[in-house]
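Notes follow the structure.
Letters A, B, ... mirror the listed sequences (proteins, then strands); counts begin at 1. Just so it is clear, the values below take in all heavy atoms, side chains as well, and ignore hydrogens, waters and symmetry mates.
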There are 2 protein chains.
Amino acid sequence: MVKMNDVAERANVSKATVSRVLRNPETVKKATRDKVLAIIEQLNYQPNILARHFRRSETNTILVVVPNIMNTVFSHILGGIEHAAGENGYRVLLANTNQQVEKEYEYLDHLKQRQVDGMILLSARMDKGIIAEVMKQYPVVLTADYLEGIAIPTVSIDNVSSARTATEHLIKLGHSRVAHITGPLHLQVSQDRLKGYRQALLQNNLDVDNILIQEGDFSHESGYNQMTKMLALEHPPTAVFSANDEMATGVIKAAKDYGLSAPEDLAVVGFDNIKLSAIYDPGITTIAQPMFEMGKKAAELLLHQITGVEMTKRQYVLESELIIRDSCGAKLLNDD
Amino acid sequence: MVKMNDVAERANVSKATVSRVLRNPETVKKATRDKVLAIIEQLNYQPNILARHFRRSETNTILVVVPNIMNTVFSHILGGIEHAAGENGYRVLLANTNQQVEKEYEYLDHLKQRQVDGMILLSARMDKGIIAEVMKQYPVVLTADYLEGIAIPTVSIDNVSSARTATEHLIKLGHSRVAHITGPLHLQVSQDRLKGYRQALLQNNLDVDNILIQEGDFSHESGYNQMTKMLALEHPPTAVFSANDEMATGVIKAAKDYGLSAPEDLAVVGFDNIKLSAIYDPGITTIAQPMFEMGKKAAELLLHQITGVEMTKRQYVLESELIIRDSCGAKLLNDD
DNA sequence: TTGAAAGCGCTAACAT
DNA sequence: ATGTTAGCGCTTTCAA
């Protein structure tokens, strides 16, 4: 393994100069620089990055803690993170938790041991006190999740108002019995979407009927099962706001198996705007969450912390958008 | 930052002993060990992993080169890799290429600079000579892709025979005009699936009609467009084998927009068995590719190389399976 | 079973 | 603009 000293000797300069050529080329006279570069090329010298990391105690690596990489929403956020990190010369270390809190705690060691320069959490189920403690010492950003009462830098959408928009859309379409299938209620996002749903009903003078609020787990199957249950009600809903797109497909399938069709007999709105919602037949009306952008912004925010860039803002709320497709029936009306 | 020496002093032992307690506890007398561990606890000592990596010139990190993390197939393989790596104390560094070959070359530097202990490629579009060269020097495994004429450790399925199975399934169902929408033909997997399709036709004494073979790009839209084109043919196909599931949904949609329905008027078989194929309505008959398993196996194979475990086998071909759902019409027959 | 000591390859402060 | 030098924190060989 050829090392910096070998290059230095061959070029008749000191190690320091070689180091400078690599890290601060402008501080070296052009002639010297060219000579050194030529030798580097000739010897096919590769700097030992581990030595550099050690010496500088920085790694140019960020840790991304994901509940589940196989989930479309997370993989797209991850895509955005990877993109922004790469653009800025940083690498991404992956940490899958499989929703286990203990794993989140484990990965904290990476920060403490300086194996990474910072961390992005896509899920924060740890104790808030601990998170607050960690935040004080290391660069951390939260995205895709949200934590109340703690000033952690966060990139998110406004889930409450987005859910309100989705629900209102159904109300404006003339529905008064609008159901909601929630995500797992231990997640803040699920709580927020539920809150927005409630707000929309109340602001439109509609009663909140708890029988029309059922908890799902974001899976197609849970959407199917909860909808099947509600269809057997004496007064079944005529519209459903599902907390994500995958459950929305379960809702539509349940209606179909019950002899109803969406949107004619049941209007459905989903959430996330994953590819599935555009591909599914009928196309699913949904709230578009800028997943890639969220990841990108989160990474940028983290890199600012790492490099010490002044941050005026620490909480970013990105825009979400109602995408009207077929499942809500709005297009049916327009066709009249 | 408390360092090893601090622990040593407090425990009245040498740095060497502390190091041993951490890395080879069995070589230290129990009493000493306990004392040291107590001090470590007490001082909340965290070893500087960067120093360790540098000193040992190993990183316990593997690099995963992915064409696109946002693609379901890749994210599931990645899930398997992450799982196996984690189980064995290794970390996963993510490298997205966005299908750019130059990026693949760039990431090679991570290996050369010893920033990672090995590399898993989910796409190998680099020059074979270079790959062969790299393989000789560093642990490398290929999965999800396949390279002819080079003995690189590989984990894959048999795309040719899987595609043959898929196509034969349609032929057995009575179809003689079976179309194929391929993936991008510069990819080996697309070529292989096309080959399997051809074999099935020939083995069943059916002509290969090139007008029924159209190249897609794995997207819903390309499936839709290519199918729309074929439906306008004088003798349109009655069945389609699509090289992936997403294009299969495009095929079904195109048929629908043409006034036909699947499977009644057009039988469709996809490939991959991503979640979408189970959720879609009609459920898509497809070839199940064990994505998670592939990732897991690939990681294990790589770790064997890294740790110097004897490898009897270097090419793993995992089992794929035909999953019969609604889109092919087989269930229609059974209902008779 | 433990300690002493060298040194991994680089960077950066300081000197020239 | 370039060189000298110390040292980052750990692991490991050798000696005791």
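Side-chain contact between A:Leu147 and A:Gln188 is absent, with no heavy atoms from C-beta onward closer than 4.5 Å.
Sorted by residue number, the members of residues 15-33 of chain B with any non-hydrogen atom under 4.0 Å from DNA chain D read B:Lys15, B:Ala16, B:Ser19, B:Arg20, B:Arg23. Across residues 106-118 of chain B, not one residue has a non-hydrogen atom less than 4.0 Å from an atom of DNA chain C. Within residues 38-53 of chain A, no residue has any heavy atom closer than 4.0 Å to DNA chain D.
Put simply, NZ on B:Lys35 is 15 Å from P on C:dT1, counting in whole angstrom units. The distance between atom CG of A:Asn12 and atom C1' of D:dA1, rounded to the nearest whole Å, is 16 Å. The CD atom of B:Glu9 sits 13 Å away from the P atom of D:dG9 (whole-angstrom rounding). Between the CG atom of A:Asn5 and the C1' atom of C:dC10 there is a distance of 10 Å, given to the nearest Å. Going from atom CZ of A:Arg55 over to atom C1' of C:dT11 covers 4 Å, rounded to whole Å. In this entry the distance linking CE of A:Met4 with C1' of D:dG3 reads 14 Å, nearest Å.
Residues A:Ile152 and A:Gln315 approach most closely at O-OE1, 2.8 Å, considering heavy atoms.
A:Arg56 has no side-chain polar atom (N or O) that falls below the 4.0 Å cut-off from OP1 or OP2 of D:dC8.
Taking the side-chain hydrogen bond (donor to acceptor under 3.5 Å, both in side chains) definition, one finds that B:Arg56 meets it with B:Glu58, sequence neighbours left out. Considering only residues two or more places apart in sequence or on other chains, B:Thr61 meets the side-chain hydrogen bond (donor to acceptor under 3.5 Å, both in side chains) condition with B:Arg91. Remark: A:Asn96 pairs with no residue by the side-chain hydrogen bond (donor to acceptor under 3.5 Å, both in side chains) rule, at least two apart or across chains. Residues satisfying the side-chain hydrogen bond (donor to acceptor under 3.5 Å, both in side chains) criterion with A:Gln305, sequence neighbours excluded, are absent altogether. Qualifying ring pair (Phe, Tyr, Trp, His ring centres under 6.0 Å) partners for B:Tyr138, counting only residues two or more places apart in sequence or in other chains: none. With sequence neighbours left out, the ring pair (Phe, Tyr, Trp, His ring centres under 6.0 Å) criterion links A:Tyr107 to A:His110. With sequence neighbours left out, the salt bridge (charged side-chain N to carboxylate O under 4.0 Å, His left out) criterion links B:Asp34 to B:Lys30.
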Practice item. Show your reasoning for whether side-chain contact (heavy atoms from CB on, under 4.5 Å) applies to A:Leu318 and A:Val155. Key: CA-CA 7 Å; A:Leu318 304 190; A:Val155 177; 4.0 Å; yes

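Where stacking is scored as ring centres under 5.5 Å apart with planes under 30°, B:Phe54 registers as stacked on the base of C:dC8.
Contacts classified as salt bridge (charged side-chain N to carboxylate O under 4.0 Å, His left out) and involving residues 129-147 of chain B (residues at least two apart or in different chains) are given here: B:Glu133-B:Lys136.
Within a 6.0 Å radius of CD in B:Glu41, other residues, nucleotides and ligands contribute 12 heavy atoms or fewer.
Residue contacts shown for B:Asp6 are absent, as no nucleic acid heavy atom lies under 4.0 Å away.
Out of C:dT11, C:dG9, D:dG3, the shortest distance to the side chain of A:Val13 is found at D:dG3.
With 3.5 Å as the limit, one finds no donor-acceptor pair spanning the side chains of B:Gln99 and B:Ser123.
Across its full length, the helix from C:dT1-D:dA16 to C:dT16-D:dA1 shows an angle of 30° between the axes of its 5 terminal pairs at either end, rounded to 10 degrees.
Ring to ring, A:His53 and B:Phe54 are not that close: their centroids are 6.0 angstrom or more apart.
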